K.L.:
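First the structure, then my questions, so here it is.
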There are 2 protein chains.
Amino acid sequence: MLSCAGPTRVQSNQFVIYIADMDDHTDQIRKPRADAVRNRERVLEAAKVVFSAGGPEASLEAVAKRAGVGIGTLYRHFPTREDLFEAVYRREVEQLSELAEQLRNAKDPVDALRRWLHSGVEFVATKKGMVAALALAVQSGSELHAFSFERLTKATGSLLARAVAAGEMRADISPEDLLRAFFGMCYIHDQPGWQATALRLLDVFIDGLRVQPATKAKAKAKARVGKPEKPAPKRKR
Amino acid sequence: MLSCAGPTRVQSNQFVIYIADMDDHTDQIRKPRADAVRNRERVLEAAKVVFSAGGPEASLEAVAKRAGVGIGTLYRHFPTREDLFEAVYRREVEQLSELAEQLRNAKDPVDALRRWLHSGVEFVATKKGMVAALALAVQSGSELHAFSFERLTKATGSLLARAVAAGEMRADISPEDLLRAFFGMCYIHDQPGWQATALRLLDVFIDGLRVQPATKAKAKAKARVGKPEKPAPKRKR
DNA sequence: TTGTTAAGCGGAGGGTGCCTCCGTATCTTC
DNA sequence: GAAGATACGGAGGCACCCTCCGCTTAACAA
């Protein structure tokens, strides 16, 4: 937190980028230490296993032990549990995002959104710990750990915007809201048969999002004015 | 767990009923000890305060300390955290149930349901720890701690059934599902402004539950659980 | 009132987990 | 090979969970 003099380190998806501090004369960009890289990977691998087995509450010390590193090392790489979660499930989040990207070209925008949400349920089902990870990101409004949330919001937003622009869906629900609803539906995971329930509930919700036939034409005309990209307007209450 | 010889004790809502063991000759039914009754009440009072302040994760030892009893006493009265939750919020659950009872006489059944759910949000807002408590009851399928769940399911069911009977709502959503959706929506509590979001999301959901007069037949067909378009290849799991 | 006894009390204690701190080890660079 | 930066690891302090058991106390009978 206090190393103002050293080179800034920005963590991207899989890499670590080193940005030289231009004010500093001795700005030597060191290669990251091999053992550090190795250990980080080990911890990630171990966390994946441990979280899958023991749920999101699993002991971090267990993760460290499985990774064969000291607890201190774990904490250095991932200062909070959330950080670790996010790193573990980052790939999954990205896959979901990419799926949204692909679905943008689907014919029926409402169906595209539905299919995306259904895929989300499947993801959650496969990767056990993911709900917890994402829910954490959604819940704790902390800016720092919101990579997943931001990424998924964007994905949701793009699909939602299309449906709204097509006059198929009401415009007063934000992507964040939709995402929260999604997580809410998945909240009941680990009950037997929760998956079917979640899908059913999501379908109901999507029906609720639909613009009623009576007002459809009006909404369509209205939506055509603005750019399709724009997120849903901010609602007041 | 091993006191086979003593009188059986069944814990009802607010009272403790003593059932004499008929096989036993010396089946004297003792009045509950005054200090036990007093302590139980104290713990409940303390728990209410502590959970409100510190959330559902608050330390049970803190509760015991505030109640002025030993930790052992707390555990004797409430063997699990869940037990304590349920006892604390039992009154609230009952109030909600009673509200549902009253709303059964409302003219518009859909609006009655909506109002009830909105009241639920308000309850959750007031009694901070309640979501957690109820979510626990909903989530952990444990039969023993399902008082709240059962009670609320019944309340939801009565309102839902009325709306369905009136032909206003689709019939393929169970009270349990609705309840789960409700808790899902409230899952995001403790974010600023979550209440407005929850209400909005609930409204969307209710709209989704509605049978549209214009498209009634279509909506009904669509309400089938499986995919609407495909021949539904019976997905397992 | 007093004695008996079950019921209840409390908190020590053993266990687990969180997170920090800092002496030591190892790696990169020159 | 030396120097210095960087990372390692785990001990240690803290908080909490939950159980167990010797002691206390209230209810009841005589």
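Keep in mind that what you see is a predicted model, and the values were worked out from it rather than measured. Here is the naming used below: chain letters follow the sequence lines, and residue numbers restart at 1 for every chain. No hydrogens, no waters, no symmetry mates; every other heavy atom, side chains included, goes into these values.
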K.L.:
Check the distance between C:dA12's P and B:L74's CG and give it to me in whole angstrom.
P.N.:
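Between P of C:dA12 and CG of B:L74: 17 Å.
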
K.L.:
Checking B:R81 side chain against B:P56 main chain: does a donor-acceptor pair fall under 3.5 Å?
P.N.:
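Answer holds: yes.
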
K.L.:
Quick check for you: among D:dG9, D:dG4, C:dG10, whose closest atom lies nearest to any side-chain atom of B:T73?
P.N.:
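Closest nucleotide to the B:T73 side chain: C:dG10.
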
K.L.:
When the nearest nucleotide of DNA chain D is assigned to B:R38 and to A:G70 on a heavy-atom basis, which residue is associated with the more 5' position?
P.N.:
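By nearest-heavy-atom nucleotide position, the 5'-most residue is A:G70.
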
K.L.:
Taking the side chain as C-beta and beyond, is there a heavy-atom pair between B:F183 and B:L152 under 4.5 Å?
P.N.:
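In contact.
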
K.L.:
Return yes if some donor-acceptor pair links the side-chain N/O of A:D177 with the main-chain N/O of A:I173 below 3.5 Å, else return no.
P.N.:
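Checked: no pair found.
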
K.L.:
For the side chain of B:R30 and the base of D:dA27, is some donor closer than 3.5 Å to an acceptor across the two?
P.N.:
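Side chain to base: pair present.
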
K.L.:
Output yes when A:D203 and A:R114 qualify as a salt bridge under the 4.0 Å nitrogen-oxygen rule, no when they do not.
P.N.:
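Yes, charged N to carboxylate O under 4.0 Å.
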
K.L.:
Could you write out each protein N or O paired with an N or O of nucleotides 19-26 of chain C at a distance under 3.5 Å?
P.N.:
| residue | atom | partner | partner atom | Å |
| --- | --- | --- | --- | --- |
| C:dC19 | OP2 | A:Y75 | OH | 2.7 |
| C:dC19 | N4 | A:E61 | OE2 | 3.3 |
| C:dT26 | O2 | A:R33 | NH1 | 3.0 |
| C:dT26 | O2 | A:R33 | NH2 | 3.3 |

K.L.:
Figure out the CZ/P separation between B:R40 and C:dC9, and round it to whole Å.
P.N.:
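Rounded to the whole Å, the gap is 11 Å.
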
K.L.:
Check for a donor-acceptor pair, side chain of A:T126 on one end and backbone N or O of A:E122 on the other, with a separation under 3.5 Å.
P.N.:
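Yes: the side chain of A:T126 pairs with the backbone of A:E122.
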
K.L.:
Can you tell me if B:N39 touches the phosphate of C:dC9, counting only side-chain N or O atoms and a distance under 4.0 Å to OP1 or OP2?
P.N.:
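Checking C:dC9 against B:N39, a side-chain N or O does come within under 4.0 Å of OP1 or OP2.
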
K.L.:
Once you round it to whole Å, what is the distance between C1' of D:dC8 and CD of A:E41?
P.N.:
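Spelled out: CD on A:E41 to C1' on D:dC8 is 18 Å.
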
K.L.:
As a test of reading the structure: which of D:dC28, D:dC8, D:dC16 is closest to the side chain of A:H77, going by heavy atoms?
P.N.:
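Within the option list, the nearest is D:dC8.
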
K.L.:
How many Å lie between NZ on A:K65 and C1' on C:dC18, as a whole number?
P.N.:
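Those two atoms, NZ and C1', are 15 Å apart.
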
K.L.:
Whole Å only: how far is the CD atom of A:E57 from the P atom of C:dC18?
P.N.:
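One finds 10 Å between P of C:dC18 and CD of A:E57, rounded.
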
K.L.:
Can you name the residues that form a side chain to side chain contact (heavy atoms under 4.5 Å, CB included) with B:A58, not counting sequence neighbours?
P.N.:
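Applying side chain to side chain contact (heavy atoms under 4.5 Å, CB included) to B:A58 gives B:V50, B:F51.
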
